[in-house]
Amino acid sequence: MPTLLHELILQSASSTPAATALVYQKEEVSYEGLAERTQAAARGFLALGLARGGRVAIYLEKRFETVVASFAAACAGGAFVPVNPILKPDQVAYILRDCNVHILLTSAERMKVLAPALADCQDLRAILLVGDAQSAPQLPGKTVLAWNEASIASSTSLPHRIVDVDMAAILYTSGSTGKPKGVVLSHRNMVAGALSVAQYLQNHREDRILSALPLSFDAGFSQLTTAFSVGARVVLINYLLPRDIVSACDREAITGLTAVPPLWIQLAQLRWPDTVRDTLRYIANTGGRMPKATLDLLRAALPKTLPYLMYGLT
């Protein structure tokens with residue numbers, strides 16, 4: 001039974017190494033491949049001097065690197081800080097300062113607009129970039145590296161010794177009632193939440209879960225942990241329109257979908273293909289009360305799909 005966050009991946013990699021763990025666009029990575037990437041990135045973080053409990057912020061859309069870096073930070077003995085990719089540079093810098101982020105993973109494109117706001121982030125020591133790192137601006141006193149260079153770096157240090165009550169992540173609230181506040185989650189918090197949710201959703205190895213919510217949102221990240229706890233497949237999507245979600249459910253034969261009320265209201269108005277009606281085993285609502293009219297529309301559109309009304313870890 002896993003007790004640490006990254007062990008969710010390692011356990012599935014041990015039992016079903018060839019099973020698909022992640023799908024992004026037209027690419028797939030197996031559990032064995034995900035475990036290897038996670039451990040390589042953890043070594044990279046240690047080579048950059050990540051201390052026990054040190055913070056690694058991730059300011060990216062959903063993609064393989066976002067997932068790998070999150071679990072790698074925990075694997076190395078640090079804590080990951082997922083930053084909502086729609087936040088503006090000043091908002092990002094506030095979070096980095098507020099929780100003393102040491103390492104930031106972002107893209108070369110985002111770095112171009114983010115760089116001026118990072119000057120006051122005094123604890124930030126290293127910035128890892130996905131994409132063309134050579135064209136990105138350099139910042140005095142901060143190491144700027146391509147993600148690939150860092151993720152394959154060799155470190156003579158062993159991962160820091162951690163136990164289940166140690167910090168694994170800091171997730172920030174939306175800031176709708178003031179400045180965003182960091183919610184500290186331990187390994188035990190996240191693993192227990194994953195096992196509990198996977199149990200009552202009856203997740204299993206054959207499930208295909210669509211990751212539609214931001215990974216900076218606790219219920220969004222939970223799509224990863226619940227799936228990894230049973231060796232299921234997660235399909236990452238950065239959608240523009242609600243119909244993109246319906247199309248992805250059809251294309252990927254999705255069996256589980258979690259969303260928030262504003263999104264469900266839009267999805268309930270759409271036509272769901274018969275193929276989705278046959279494959280979508282459950283839908284789950286989180287982050288607020290789903291209107292009864294919306295639930296009725298979804299029940300009519302997806303008569304074979306079981307709805308769950310739930311709430312997130314924070």
Side-chain angles (χ1 to χ4, degrees), residues 1-14 21 31 34-60 65-83 95-105 121 123-126 128 150-151 153 155-173 180-199 215-230 312-314:
M1 183 71 70
T3 59
L4 303 177
L5 182 65
H6 55 283
E7 290 176 349
L8 296 174
I9 294 174
L10 301 183
Q11 174 184 264
S12 290
S14 176
Y31 271 100
L34 182 59
E36 290 173 353
R37 293 189 193 191
T38 299
Q39 291 171 318
R43 291 193 296 271
F45 290 149
L46 291 168
L48 289 170
L50 183 68
R52 183 174 183 271
R55 282 69 147 160
V56 177
I58 301 134
Y59 181 52
L60 279 174
E65 293 90 346
T66 312
V67 178
V68 169
S70 300
F71 286 86
C75 180
F80 69 95
V81 185
V83 180
I95 291 174
L96 301 190
R97 290 193 301 270
D98 187 62
C99 68
N100 312 100
V101 164
H102 303 149
I103 299 172
L104 169 65
L105 171 64
C121 298
D123 293 299
L124 184 62
R125 301 168 192 162
L128 310 178
S151 64
S155 173
T156 56
S157 302
L158 293 173
H160 300 290
R161 183 180 180 278
I162 51 175
V163 294
D164 61 353
V165 294
D166 285 332
M167 176 173 55
I170 304 175
L171 272 59
Y172 272 77
T173 61
K181 300 170 183 64
V183 179
V184 177
L185 299 174
S186 69
H187 285 264
R188 179 186 290 180
N189 289 151
M190 303 195 79
V191 171
L195 298 178
S196 173
V197 174
Q199 181 180 39
L215 298 182
S216 56
F217 179 38
D218 55 354
F221 199 84
S222 178
Q223 305 312 295
L224 299 175
T225 57
T226 53
F228 294 165
S229 72
V230 297
L313 194 59
T314 58

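Note that the structure is predicted; figures quoted are calculated from it, not measured. No hydrogens, no waters, no symmetry mates; every other heavy atom, side chains included, goes into these values.
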Margin query: Working note: Leu185 + His187, criterion side-chain contact (heavy atoms from CB on, under 4.5 Å); need CA distance, chi angles, decisive distance, verdict.
Written below: CA-CA 7 Å; Leu185 299 174; His187 285 264; over 6 Å; no
Which atoms form the tightest heavy-atom contact between [X] and [Y], and what is the distance?
{"X": "Met167", "Y": "Ala79", "value": "CG-CB, 3.8 Å"}
{"X": "Val163", "Y": "Arg161", "value": "CG1-NH1, 4.0 Å"}
{"X": "Arg125", "Y": "Gly49", "value": "NH1-O, 3.8 Å"}

Check: Ion pair present between Asp166 and Arg52, side-chain N to carboxylate O less than 4.0 angstrom?
Finding: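 Salt bridge between Asp166 and Arg52, a charged N being under 4.0 Å from a carboxylate O: yes.
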Is the shortest heavy-atom distance from the side chain of [X] to the side chain of [Y] under 4.5 Å?
{"X": "Ile95", "Y": "Val81", "value": "yes"}
{"X": "Leu124", "Y": "Leu104", "value": "yes"}
{"X": "Leu171", "Y": "Pro82", "value": "yes"}
{"X": "Ile170", "Y": "Val183", "value": "no"}
{"X": "Leu105", "Y": "Phe45", "value": "no"}

What's the separation between atom [atom1] in [X] and atom [atom2] in [Y], rounded to the nearest 0.5 Å?
{"X": "Gln199", "Y": "Thr226", "atom1": "CD", "atom2": "OG1", "value": "13.0 Å"}
{"X": "Ile9", "Y": "Glu36", "atom1": "CD1", "atom2": "CD", "value": "12.0 Å"}
{"X": "Cys75", "Y": "Leu46", "atom1": "SG", "atom2": "CG", "value": "8.5 Å"}
{"X": "Leu96", "Y": "His102", "atom1": "CG", "atom2": "NE2", "value": "11.0 Å"}
{"X": "Tyr31", "Y": "Thr38", "atom1": "OH", "atom2": "OG1", "value": "11.0 Å"}

Under 3.5 Å: donor-acceptor pair, side chain of [X], backbone of [Y]:
{"X": "Ser229", "Y": "Leu195", "value": "no"}
{"X": "Ser222", "Y": "Asp218", "value": "no"}
{"X": "Ser12", "Y": "Phe228", "value": "yes"}
{"X": "Gln223", "Y": "Gly220", "value": "no"}
{"X": "Arg55", "Y": "Gly53", "value": "yes"}
{"X": "His6", "Y": "Ser70", "value": "no"}
{"X": "Ser14", "Y": "Gln11", "value": "no"}

Note to self: Test of understanding: with side-chain contact (heavy atoms from CB on, under 4.5 Å), list the residues that count as partners of Arg188, not counting sequence neighbours.
What the structure shows: Asp164, Val165, Ser186
Checklist line | Val191/Thr225 under side-chain contact (heavy atoms from CB on, under 4.5 Å): CA gap, chis, key distance, verdict | finding: CA-CA 7 Å; Val191 171; Thr225 57; over 6 Å; no
Margin query: For Phe71 together with Phe221, are the ring centres under 6.0 Å from each other?
Written below: yes
Next item on the list: Tell me, please, which residues at least two apart from Tyr172 pass side chain to side chain donor-acceptor pair (under 3.5 Å).
Entry: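 Tyr172 satisfies side chain to side chain donor-acceptor pair (under 3.5 Å) with Asp98 once adjacent residues are dropped.
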Next item on the list: Begin with the C-alpha distance, continue with both residues' side-chain angles, and end with the deciding distance and a verdict on side-chain contact (heavy atoms from CB on, under 4.5 Å) for Ile103 and Leu50.
Entry: CA-CA 8 Å; Ile103 299 172; Leu50 183 68; 4.1 Å; yes
Checklist line | Leu215 vs Val67, side-chain contact (heavy atoms from CB on, under 4.5 Å): CA-CA, chis, key distance, verdict | finding: CA-CA 9 Å; Leu215 298 182; Val67 178; 4.2 Å; yes
